[in-house]
K.L.:
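Input: one structure, supplied below.
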Amino acid sequence: MRIVLLGQPGSGKGTQAQRLAAAQGIPRLTTGEMLRVAVRDGAPLGKDAKRYMERGDLVPDQLIVALMQERMGTADCARGYILDGFPRTRVQAEALDAMLTTVGAALQHVLLLEVDEAEIRRRLSGRRECPKCGSTFHLTAQPPKVAGVCDRCQTALVQRPDDQEATIARRLAVYVRETKPLIGYYEARGLLRRVTAPGGPDEVFRAISSLITMGP
Ligand code: AMP
């Protein structure tokens, strides 16, 4: 199964991608996390991407497309994947279409997670992340068992630099300009499913699971 998760930063894509990937037994390809690992490891991609990420801007399309082309070509992606944070521009969406056509595959669902803006800001400013395993938590909505420490690998949690107030505003503006138009792009292909569940992650996951089972 090949699924795209679409939605503003903080709409819950990462959490739902983790759950979906586990439930379907397929990998989640999270571009933001892949980029953060590249930055942390001092990889050439990380050196190029860092300044864009710190500002809250998108990393240039050609870097992202090359990254995803390589990742999607690996053996664990043969049965499908959950795309979390890609595509984020029309150029990326068209590149994804081309990649899928080349291997004779298709997307089954594009899930749009809809959350109102006040809630998005609350989520992003309280978000804490494990720099080692990528697990995410929230100071109040989803606190770790021990304050400030990852439940899975006991590493100290951090706030992402791009989750600071000023950068959040820029990321949301970039979403509206670059990524929101993909809603129409996928709607026109009959792939878009809106997930408006206002509840917590469990309720959203139940809504997603039933949408996926119902099929197109
Ligand atoms: P995220 O964790 O998905 O919010 O991504 C963090 C940052 O990584 C974004 O603000 C961008 O700078 C960069 N990024 C992640 N995915 C993409 C993408 N598909 N295209 C361009 N930049 C991306």
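Both ligands and their constituent atoms are indexed starting at 1 by order of listing. Residues: numbered from 1 along the sequence shown.
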K.L.:
Got a donor-acceptor contact below 3.5 angstrom from the Gln154 side chain to the Asp151 backbone?
P.N.:
yes
K.L.:
Does Thr179 use its side chain to pair, donor to acceptor, with the backbone of Arg88 at less than 3.5 Å?
P.N.:
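Yes, the answer is positive, given that a donor and an acceptor are paired below the 3.5 Å cut-off.
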K.L.:
Hey, is ligand 1 close enough to Arg36 that some N/O pair sits below 3.5 Å?
P.N.:
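Such a contact does occur with ligand 1.
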K.L.:
Would you mind writing out the side-chain donor-acceptor pairs for residues 38-48 within the sub-3.5 Å range, not counting sequence neighbours?
P.N.:
residue, atom, partner, partner atom, Å
Arg40, NH1, Pro131, O, 2.6
Lys47, NZ, Gly42, O, 3.1

K.L.:
Kindly compute the distance separating CD (Glu114) from OG1 (Thr196), expressed to the nearest 0.5 Å.
P.N.:
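Result: 6.0 Å between the selected atoms.
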K.L.:
Which ligand 1 atoms are under 4.0 Å away from a heavy-atom of Asp162?
P.N.:
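Counting atoms of ligand 1 from 1, those under 4.0 Å from Asp162 are 6 (C).
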K.L.:
I'd like to check which ligand 1 atoms, numbered from 1 as shown, lie under 4.0 Å from a non-hydrogen atom of Thr31.
P.N.:
15 (C), 16 (N), 17 (C), 19 (N)
K.L.:
Any nitrogen or oxygen of Arg171, side chain or backbone, less than 3.5 Å from one on ligand 1?
P.N.:
yes
K.L.:
Between Thr167 (side chain) and Asp163 (backbone), is there a donor-acceptor pair under 3.5 Å?
P.N.:
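No; judged by distance alone, with no hydrogens or angles, the pair does not exist.
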K.L.:
Has Lys50 got a side-chain atom pairing as donor or acceptor with Leu35's backbone, closer than 3.5 angstrom?
P.N.:
no
K.L.:
Between His138 and Arg122, is there a donor-acceptor pair closer than 3.5 Å when you use the side chain of the first and the backbone of the second?
P.N.:
yes
K.L.:
Quick check on contacts: which atoms of ligand 1 are under 4.0 angstrom from a heavy atom of Leu35?
P.N.:
8 (O), 13 (C), 14 (N), 15 (C), 23 (C)
K.L.:
Do ligand 1 and Pro87 have nitrogen or oxygen atoms that lie under 3.5 Å from each other?
P.N.:
no
K.L.:
Output the list of atoms in ligand 1 that are nearer than 4.0 Å to some heavy atom of Asp57, sorted by atom number.
P.N.:
11 (C), 12 (O)
K.L.:
What pairs of donor and acceptor atoms, side-chain ones from residues 68-76 against any protein atom, are under 3.5 angstrom apart with sequence neighbours left out?
P.N.:
residue, atom, partner, partner atom, Å
Arg71, NH1, Thr74, OG1, 2.6
Arg71, NH1, Asp76, OD1, 3.0
Arg71, NH2, Asp76, OD2, 2.9
Thr74, OG1, Arg71, O, 2.7
Thr74, OG1, Asp76, OD1, 3.0

K.L.:
Considering Met53, Arg88, Glu33, Lys13, which one's heavy-atom position lies nearest to atom 1 (P) of ligand 1?
P.N.:
Arg88
K.L.:
Among all protein non-hydrogen atoms, which one is nearest to atom 22 (N) of ligand 1, and what is the separation to 0.1 Å?
P.N.:
Val59 N, 3.0 Å
K.L.:
Short list, please: which atoms of ligand 1 are under 4.0 Å from a heavy atom of Gln92?
P.N.:
18 (C), 19 (N), 20 (N), 21 (C)
K.L.:
Heavy-atom distance under 4.5 Å between the side chains of Pro143 and Phe137, does that happen here?
P.N.:
no
K.L.:
Should Leu58 be counted as touching ligand 1, given the test is an N or O pair under 3.5 Å?
P.N.:
no
K.L.:
Contact between ligand 1 and Arg160 is defined here as a heavy atom of the residue under 4.0 Å from a ligand atom; is it met?
P.N.:
yes
K.L.:
Going by the order shown, which atoms of ligand 1 are within less than 4.0 Å of some heavy atom of Gly85?
P.N.:
16 (N), 17 (C), 18 (C), 19 (N)
